[in-house]
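Taking it in order: structure first as structure tokens, then the write-up.
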Number of protein chains: 2
Amino acid sequence: MTKIKNNIVKLSAEEKIKRSARELFTQKGFAAIKTRDIAEKAGINLALLNYYFRSKQKLYDLIMEENMVAFRNGIIQLFGNTQMNLEQKIENIVQYYIDAFLENRDLPAFIISVIHQHQHGNVIDNKFYTAIGNAQKVFLEQIKTHLQNKGINSIHPAHIMTNLMSLIFFPFTSSNILKSRAGINEQDFIELMIERKKMIPLWIMSMMEPTVNFKK
Amino acid sequence: MTKIKNNIVKLSAEEKIKRSARELFTQKGFAAIKTRDIAEKAGINLALLNYYFRSKQKLYDLIMEENMVAFRNGIIQLFGNTQMNLEQKIENIVQYYIDAFLENRDLPAFIISVIHQHQHGNVIDNKFYTAIGNAQKVFLEQIKTHLQNKGINSIHPAHIMTNLMSLIFFPFTSSNILKSRAGINEQDFIELMIERKKMIPLWIMSMMEPTVNFKK
DNA sequence: GTCTATAGACGGATAGAC
DNA sequence: GTCTATCCGTCTATAGAC
């Protein structure tokens, strides 16, 4: 990447390929994208893709790894933190992921697809699951303690963690449904997502209240 | 499909192809699957695929349409019902979809992918969105009324509908994370999903209580 | 580093025998 | 209806000129 006058940044061919590849792979996955699509979008010659990245598969692996980094680091640092109380932690998690997904709207569907299609044995994936394992345990333990303090033993901590991730991820994958007929446009959608940064923690905390769990 | 003695059902080649195709396409999508994969899985000759279904694309369209039918009909009938009160309706929706997804575990990720990748202009998809549009409106209106009765005007009805779908869909796409290190196996996972049929309605109803929304 | 041209493999589809 | 053999367009990857 070379800076030129007027502070305008002219991207190198390598960078242009990578950005185009990220956008396309994140939207549609490995199999649906042709190297020609990437080259065309980047405005570079097809041969340069192999020159810089060796193969389509290696380029994809690079993109995937980078796409998963933010997700993985978020889990490790936010979920695994042992200083913060549960409510603060949930607020931070919600903030972090919603901000990240507003920046990259295809990321949630990409991550969901990768997680869903995971088959044990893959080296990259195993590294991934091992890395988030401990952080997950810390968070689940914290939920468990919180529930015990509230006198609730009827609900598995995994529900709360799953619900948290559900409320963060899913809306980004289903904006097309809201936009179709619910009278919600792109700007409305963004505002709703911003509102959720405030609301999701309230919703999740209320799920751990006796009044909700023992109702009826 | 021909019945033979001992009540064992021997599938026709056509049916074998369709079942194999459904499993593979639902798991990995159109682009990642080769016609040769389908033929091999079905134990039939590659040429038969084209003989019965004309092309890979036509076979996929057939599978996708069938996969989306249950989802679409669920929305139209359950969301669009004008007789039932909101709580009963939510209970029915949760029951219906969780039961369906327990039967076909890859369906949620498939539906999410189709919805997410939708670009307006596609005929099948437009039919789909038109069909669910009214049912969606009925449901949103009902939520709006419920919120007004509770004296809550700080929250958009779309949040509630989105939350409901989130809590139903997402867990099926992320079971791999729970299974990796949270000490949850396949049987535990199924039990958790069954518990959710009872819990999700309570969680959603509580989101429409003033105590939750005006807290802090 | 960047291009053109092309090798070489793959995958969808079909012709034609049985 | 089912098979084998094969066609042919497409796609990844590379050789080699500049």
Side-chain angles (χ1 to χ4, degrees), chain A residues 1-5 8-67 113 117 122 124, chain B residues 1-5 8-67 110 113-114 117 122 124:
Chain A
M1 210 158 81
T2 329
K3 286 219 175 191
I4 60 171
K5 61 179 177 181
I8 294 169
V9 174
K10 185 173 185 181
L11 300 173
S12 68
E14 184 174 3
E15 188 61 23
K16 281 191 279 189
I17 296 168
K18 216 170 134 180
R19 291 192 184 195
S20 303
R22 182 185 321 285
E23 196 173 327
L24 293 171
F25 282 144
T26 307
Q27 271 171 20
K28 307 200 172 184
F30 178 78
I33 298 300
K34 304 161 204 165
T35 52
R36 281 176 170 82
D37 299 333
I38 299 170
E40 190 185 354
K41 186 178 182 70
I44 54 93
N45 189 277
L46 176 58
L48 285 182
L49 190 150
N50 292 82
Y51 175 77
Y52 284 114
F53 301 98
R54 197 69 194 158
S55 75
K56 181 191 176 189
Q57 184 67 54
K58 284 198 167 51
L59 175 55
Y60 176 78
D61 289 346
L62 185 70
I63 300 296
M64 168 153 94
E65 176 61 22
E66 288 186 11
N67 274 355
S113 170
Q117 300 207 5
N122 178 317
I124 290 178
Chain B
M1 208 159 80
T2 328
K3 286 219 176 191
I4 60 172
K5 61 180 177 180
I8 295 170
V9 174
K10 184 173 185 179
L11 299 174
S12 68
E14 185 173 3
E15 187 61 23
K16 281 191 280 188
I17 295 167
K18 215 169 136 183
R19 292 193 184 195
S20 302
R22 181 184 320 283
E23 195 174 328
L24 293 172
F25 282 144
T26 307
Q27 273 171 19
K28 306 199 172 184
F30 178 77
I33 298 299
K34 303 162 205 167
T35 52
R36 283 172 169 82
D37 298 334
I38 299 170
E40 190 185 353
K41 186 179 181 70
I44 54 91
N45 189 278
L46 174 58
L48 285 183
L49 190 149
N50 291 80
Y51 175 76
Y52 283 114
F53 300 97
R54 197 68 194 157
S55 75
K56 180 192 176 188
Q57 184 66 55
K58 285 198 167 50
L59 176 55
Y60 177 78
D61 289 346
L62 184 71
I63 300 295
M64 169 153 93
E65 176 61 22
E66 288 185 10
N67 274 355
F110 178 87
S113 170
V114 170
Q117 300 209 3
N122 178 317
I124 290 179

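Here the structure is a predicted model, which means the values were calculated and not measured. Within every chain, numbering begins at 1; the chains are lettered A, B, ... in the order of the sequence lines, protein sequences first and strands thereafter.
- A:Lys56 has its side chain out of reach of A:Asn50: every pair of non-hydrogen atoms, C-beta onward, lies at least 4.5 Å apart.
- Residues A:Lys18 and A:Phe53 form a side-chain contact, since some pair of their non-hydrogen atoms from C-beta on lies under 4.5 Å apart.
- The side chain of A:Arg36 sits closest to D:dT12 out of D:dT2, D:dT12, C:dG11.
- A straight line from CG of A:Leu59 to C1' of D:dC11 spans 15 Å, rounded to a whole angstrom.
- Residues from residues 42-52 of chain B lying near DNA chain C, meaning a heavy-atom separation below 4.0 Å, are B:Leu46, B:Ala47, B:Asn50 in numerical order.
- Between the CZ atom of B:Arg54 and the P atom of D:dG1 there is a distance of 15 Å, given to the nearest Å.
- Closest heavy-atom contact between B:Asn45 and B:Ala39: C-CB, 4.3 Å.
- Distance NZ (B:Lys34) to P (D:dT12): 13 Å, rounded to an integer number of Å.
- Nucleotide C:dT2 holds its C1' atom 15 Å from the CZ atom of A:Phe53, rounded to whole Å.
- Between the C1' atom of C:dT14 and the NZ atom of B:Lys56 lies a distance of 17 Å, rounded to the nearest Å.
- More than 12 heavy-atom neighbours from other residues, nucleotides or ligands sit within 6.0 angstrom of CD on B:Glu66.
- Annotation: side chain of B:Phe110 is in contact with side chain of B:Met64 (closest heavy-atom distance under 4.5 Å).
- For the pair A:Gln57 CD and C:dA9 P, the computed distance is 19 Å after rounding to whole Å.
- Between C:dG12 and B:Thr35, a contact under 4.0 Å exists linking OP1 or OP2 to a side-chain N or O.
- Atom pair B:Glu40:CD and C:dC10:P shows a separation of 15 Å (rounding to whole Å applied).
- Residue A:Ile33 is in sugar-phosphate contact alone, with no base atom involved, counting any heavy-atom pair closer than 4.0 Å across all strands shown.
- Residues B:Ile38 and B:Leu59 share a closest heavy-atom pair of CD1-CD2, 4.2 Å.
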